[in-house]
Amino acid sequence: MANSSSVSEFLLLAFADTRELQLLHFALFLGIYLAALLGNGLILTAVACDHRLHTPMYFFLLNLTLLDLGCISTTLPKAMANALWDTRAISYQGCAAQVFFFLFFISAEHYTLTVMSYDRYVAICKPLHYGSLMGSRACAQMAAAAWGSGFLDALLQTTITFSLPLCQGNAVDQFFCEIPQILKLSCSGSDYLKEVRILAVSACLAFGCFVFILLSYVQILRAVLRMPSSQGQHKAFSTCLPHLAVVFLFVSTGMFAYLKPPSISSPSLDLVVAVLYSVVPPAFNPLIYSMRNQELKATLKKLILVVVFT
């Protein structure tokens, strides 16, 4: 019986068989990747350079932007290289690293979105206590907890996954190394169940964070609707709606990817869903956050003008 030590490389899912379509996929992903780098890079620069954006909300946005860059940089470059060089191979160590870093960034992003919902809750529902509850030390601790939790979650799941014996070949039916696809190659029932239990615990934690976000926004909505000023309501919605849109995009695509019924699973559907939850959010989050945020839009306009005219 073959085990994981006998697998030296994995074969990722090819996007197309013809050379023309492979190059088309490369160009498409290159465009998405460059757009994600540009959008997230602009937000990083804006938050870092404008002292007016040195607030807890933008501090967490900066963390989210870093995680988005890490997430999309874990999956797309290898997929683009495989399409460009007409290959499917990824080394065993490369696959393990890809699983670890993708889980790390995606888990830390989920925890960061949870912290961001708490920040908005305190800002709108407890404004008099905002300075004490969201001080610089508290923000740093919450950000560190989000990154640390993501690291531990990724380390645990990656270690267990790649300790499983593999006897179902080395073809991964996805364009990047993904735990559900690697589990399909396992031939050890007891170890497989152990990994499934770890995934279930992680799913419960993620669901708990999602419930916390929903409850926070229920309280936020009640507080906003009680505001006497329409201008105050507009400002509150302008800061909350982008975050809520990002949460919905991130959670809905991720939940569908991991919780969809096996009866509707197919390689093409799995591929589309994987693109939706691993590529689309990092690419579109900068656009979502800059659409209604007037402070961020003003800083980005100044930044772009400086770049264009220098």
Side-chain angles (χ1 to χ4, degrees), residues 40 43 47 53-68 70-71 104-151 153 202-227 232-256 258-259 277 280-282 284-296:
N40 286 288
I43 288 182
V47 174
L53 303 184
H54 293 175
T55 63
M57 182 177 76
Y58 293 106
F59 169 73
F60 293 124
L61 178 58
L62 185 144
N63 279 266
L64 184 71
T65 301
L66 288 172
L67 292 167
D68 278 337
C71 182
F104 169 46
F105 290 123
I106 209 84
S107 299
E109 182 164 344
H110 190 60
Y111 297 132
T112 300
L113 288 171
T114 305
V115 172
M116 291 175 76
S117 71
Y118 176 71
D119 170 68
R120 292 299 83 207
Y121 165 76
V122 175
I124 294 174
C125 299
K126 299 181 181 294
L128 298 179
H129 301 283
Y130 188 78
S132 58
L133 292 175
M134 301 301 296
S136 57
R137 184 175 181 180
C139 290
Q141 289 174 341
M142 285 187 278
W147 286 75
S149 299
F151 177 84
D153 189 27
S202 298
C204 289
L205 289 173
F207 182 73
C209 291
F210 180 61
V211 171
F212 179 86
I213 293 172
L214 284 181
L215 293 177
S216 297
Y217 271 95
V218 168
Q219 296 299 319
I220 288 171
L221 181 61
R222 292 174 60 185
V224 170
L225 293 178
R226 287 199 298 265
M227 289 180 177
Q233 290 180 345
H234 176 74
K235 184 177 181 181
F237 279 125
S238 294
T239 59
C240 291
L241 287 179
H243 176 254
L244 199 57
V246 169
V247 170
F248 176 78
L249 178 64
F250 178 80
V251 173
S252 61
T253 54
M255 287 181 66
F256 184 75
Y258 284 91
L259 300 180
Y277 87 89
V280 172
F284 278 86
N285 283 353
L287 180 62
I288 293 172
Y289 270 107
S290 60
M291 281 179 64
R292 293 182 60 89
N293 191 309
Q294 299 302 321
E295 291 179 328
L296 188 57

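Each residue takes its place number in the sequence, starting with 1.
The two atoms that bring P286 and P282 nearest to each other are CD-O, 3.4 Å, heavy atoms only. Listed here is the closest heavy atom pair of C209 and H110: CB-NE2, 3.4 Å. Nearest approach of A143 to F59, heavy atoms of both residues: CB-CE2, 3.7 Å. The two atoms that bring M134 and P56 nearest to each other are O-CG, 3.5 Å, heavy atoms only. Here the closest non-hydrogen pair linking N40 and T65 is O-CG2, 3.1 Å. Between L64 and M116, the shortest heavy-atom distance links the atoms CD2-SD, 4.2 Å.
Taken from OG in S132 to NZ in K126, the straight-line distance is 10.5 Å, to the nearest 0.5 Å. Residue L61 holds its CG atom at 9.0 Å from CG of N285, rounded to the nearest 0.5 Å. For the atom pair CD (Q219) and OG (S117), the distance works out to 12.0 Å, reported to the nearest 0.5 Å. From E109, atom CD reaches atom OG1 of T114 across 10.5 Å, with rounding to the nearest 0.5 Å. Atom SG of C139 is separated from atom CG of L133 by 10.0 Å, given to the nearest 0.5 angstrom. In this structure, I124 CD1 and Y217 OH are separated by 7.5 Å, a value rounded to the nearest 0.5 Å.
When the ring pair (Phe, Tyr, Trp, His ring centres under 6.0 Å) test is applied to F207, no partner is found at least two apart in sequence or on another chain. The side chain to side chain donor-acceptor pair (under 3.5 Å) check on N63 picks up W147, with sequence neighbours excluded.
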> How far apart are the C-alpha atoms of Y121 and L215, what are their side-chain angles, what is the distance that settles it, and do they pass the side-chain contact (heavy atoms from CB on, under 4.5 Å) test?
Replying inline: CA-CA 10 Å; Y121 165 76; L215 293 177; over 6 Å; no

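Panel note: side chain S149, backbone A146; no donor-acceptor pair is recorded below 3.5 Å.
Between Y130 and D119, the closest side-chain pair of non-hydrogen atoms falls below 4.5 Å.
By the 30° and 60° cut-offs, the orientation of the rings of F212 relative to Y118 is tilted.
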